[in-house]
2 protein chains.
Amino acid sequence: MAARRPRERGVTVEDVARVAGVSRQTISNALNAPHRLKPETLERVSAVIEELGYRPDQSARSLRSGTRRIIAYPAPVDDPANPNPLMGGFLEAVVAASGEAGYRVLLVRPRPGQSQEQALDELIAARTVDGFLLSDVLRDDPRLAHLTGAGFPFAAFGRTGPDQPQSWVDVDSAQAVIDMVGLVAARGHRRVAFLASSSGLPWMDDRRDGFLAGVRRHGLAGQVYSAPGDDPGEIVKATRALLTGRDRPTAIVAGGDWLALGVYTVARAEGLEIGTDLAVAAFDDLPVTAWLQPALTTVRLPLDRIAKALISRLLQIVEDGVTPRAGLVLPGEPVIRPSLGPPDAL
Amino acid sequence: MAARRPRERGVTVEDVARVAGVSRQTISNALNAPHRLKPETLERVSAVIEELGYRPDQSARSLRSGTRRIIAYPAPVDDPANPNPLMGGFLEAVVAASGEAGYRVLLVRPRPGQSQEQALDELIAARTVDGFLLSDVLRDDPRLAHLTGAGFPFAAFGRTGPDQPQSWVDVDSAQAVIDMVGLVAARGHRRVAFLASSSGLPWMDDRRDGFLAGVRRHGLAGQVYSAPGDDPGEIVKATRALLTGRDRPTAIVAGGDWLALGVYTVARAEGLEIGTDLAVAAFDDLPVTAWLQPALTTVRLPLDRIAKALISRLLQIVEDGVTPRAGLVLPGEPVIRPSLGPPDAL
DNA sequence: GAAGATCGTTTGAACGTTCATATCCGACGC
DNA sequence: GCGTCGGATATGAACGTTCAAACGATCTTC
């Protein structure tokens, strides 16, 4: 085993100060409070900084200032049977949004045998991060309670409890589905079904509630079917029951694009033509659906806006100590495609 | 704007030392070199550490010791038209593997207007991370040259150049495709085609080369078709040309599951039954393919093993200064499913 | 023209840890 | 009984930065 190679020493503030002929603190100010410097000094110092390629040592800066410029994102455990659409697009958006604010994203997950809360505590106690960004927030999510108890900054994609910081952002799933049901009703459909998967997930519940509100408002006959799980077999089974029973619905609103894949599969097997025999709408706008024929009507999550809002709220807590007074609800973006059928379908 | 809230002071090494009735260094040793303590001291100290919930401040530790316990992973830019299968599974595996080694993963990406190399330099200069984990490595990837030039530790999923550290891990794509062609040949197929997408990507080239080697070895008639891009329209167009031309192949090896989706789409439109009229094999084992009927034969990437090997190699460089003498090639795992047809197909 | 206010810059200290070295203490050899 | 060794613990210094306060110079004010 070779020896650990010698510690490479980088450019320090002293080096820059010496070359620029000013003091340490002036260098520090040039970076952190440039308005305090005389313009000509700033220019000279900046040139030297640039020339030497100086960047403040992140550890030293953190140690002294108490700010880490790092946000932790507990990665949701990705079930291969139900790939989380967020994992791709949302994470991207979060990294981009925090990058623009000068923060970086630390991806964390509990070690084997460690609870979620313990993992959070470890990061808090070691003062590794400034705050947490949570997604896939459940009702009464223990992580929220834990962070609230610890008084540690966080922002959540998904609603928090009434006695918790309202630093959340969520999509108005219910309204989006209500609107979708409206479009379905406008196309003359009377018997409509909602296809859900493993319930208990707040967003699925919201979407289902939106459906129920929608059918009530439009006076439609609406039924809810739930697949017991997320894998294709179970979804197909539930969908088949839905499409082969008595009073087959003429339109299906799926709780997610993943479920819509099941509808396409069963419809094809049953000889039903989507867009004419059966209107289909879903939620999420997963990239895979680009393959579906006819193209799937769905609701796109404004992931960029969500990420920006979350980061903005989190940093307001971290940097200014200001906790938002209310959550932020963003609209889903309906994407109308042929699966819904033409406006004058029936 | 409310005032920044008062700096919360955590438990420090001094606090623990006072309570345990020993010195600072003994606490430090209890965590970093427990063998140096008398067993009874260790036990007593550990109890106090536990009781007070002490964790060394990460910044202070890093500043003094020079090790950050953070690995940077430049997130590949995810093209929605071609969702990167790695983004999900690979990232997960990387986080898990580095977590077990006591490291965390920092997700980075260039700020707008910043080059990839500049983003790396920033992290190096600010001493934010101990090393880099790269994926989606291109031939002559500028990041490799840059890190090699800087002498900074990295490990790469994908081969590096001959004059660069051999700290890479890769999948033996060529061999996996050769084997797949062998299976196809064993089923009696003589006219076989390879479906590729936008070339220039090393893994796609490897897979194509494997195909060519396979058809040569088995004396088959093999042709290569390339879709100009990765979006469904282009893939479908290329696939249709392939399946409607003269001397239609009886088997298709796709360079990726994403491309196989096109084959299924076109085959259905053309009335070809997959598994009987047409054998199909692909690569990647994406979760979506669980929906395909008949199930898709493919090659699974051993993401867990890859991630473990990469982390292990990277940490050997970081911690011991040992650079691997040669790259590591791992086999792909063939997953035989009905799309290939029965063993005695033709 | 002296006292104060303002601006730009410098200085000493502190953040919390680990490194390098020193000290203590009992065991051992002769 | 004295020196030596070695294991266990303690002490001073250092990592590189920013904070808090001080400083000197210039500008106001009456």
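Lettering of chains follows the sequences in order, A, B, ..., and the numbering in each one begins at 1.
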To the nearest Å, give me how far apart [atom1] ([X]) and [atom2] ([N]) are.
| X | N | atom1 | atom2 | answer |
| --- | --- | --- | --- | --- |
| B:K38 | D:dA10 | NZ | P | 10 Å |
| B:H35 | D:dG6 | NE2 | P | 16 Å |
| B:R18 | D:dA10 | CZ | C1' | 16 Å |
| A:R36 | D:dC19 | CZ | P | 8 Å |
| B:E14 | C:dC15 | CD | P | 10 Å |
| B:R61 | C:dC19 | CZ | P | 9 Å |
| A:Q58 | D:dT18 | CD | C1' | 13 Å |
| B:R69 | C:dT17 | CZ | C1' | 14 Å |

- Give me the residues of residues 23-34 of chain B where at least one heavy atom lies under 4.0 Å from an atom of DNA chain C, by number, or none.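 Only B:R24, B:Q25, B:S28, B:N32 qualify.
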- Message: Is there, by distance only and without an angle test, a donor paired with an acceptor across the side chain of A:R64 and the base of C:dA14 below 3.5 Å?
- Response: yes
- Test side chain to side chain contact (heavy atoms under 4.5 Å, CB included) on B:L134 and B:W168 and set out the steps. CA-CA 9 Å; B:L134 304 176; B:W168 55 267; over 6 Å; no
- Task: Using a heavy-atom cut-off of under 4.0 Å over every strand shown, decide if B:T41 touches base, sugar-phosphate, or nothing.
- Result: sugar-phosphate
- Task: Using the side chain to side chain contact (heavy atoms under 4.5 Å, CB included) rule, take B:R55 and A:L123 through it: C-alpha gap first, then chi angles, then the decisive distance, then the call.
- Result: CA-CA 9 Å; B:R55 299 276 167 182; A:L123 289 163; over 6 Å; no
- Item | NZ/NE/NH1/NH2 to OD/OE distance under 4.0 Å, A:K308 and A:E100 | no
- Item | Of A:S59 and B:G21, the one whose closest DNA chain D nucleotide lies more 5' |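 Closest to the 5' end, via its nearest nucleotide, is B:G21.
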- Message: With nearest nucleotide decided by heavy atoms, which residue, A:V11 or B:L37, maps closer to the 5′ end of DNA chain D?
- Response: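 That would be B:L37.
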- Task: Heavy atoms only: give me the nearest B:I49-B:A30 pair and the separation to one decimal.
- Result: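 Taking B:I49 first and B:A30 second, the nearest heavy atoms are CD1-CB, 4.4 Å.
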- Task: Classify the ring geometry between A:F90 and A:F157 as parallel (under 30°), tilted (30 to 60°) or perpendicular (over 60°).
- Result: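 If you compare the ring of A:F90 with that of A:F157, the planes turn out tilted.
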- Taking atom types as modelled, find out whether A:S59 and B:R127 have a side-chain donor-acceptor pair closer than 3.5 angstrom.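 Not at all, the side chains of A:S59 and B:R127 share no donor-acceptor pair under 3.5 Å.
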- Message: What's the closest nucleotide to the side chain of B:L63 if the choices are D:dC15, C:dT17, D:dT17?
- Response: D:dC15
- A:A93 backbone acceptor or donor facing A:D304 side chain under 3.5 Å: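 No, the answer is negative, given that no donor and acceptor are paired below the 3.5 Å cut-off.
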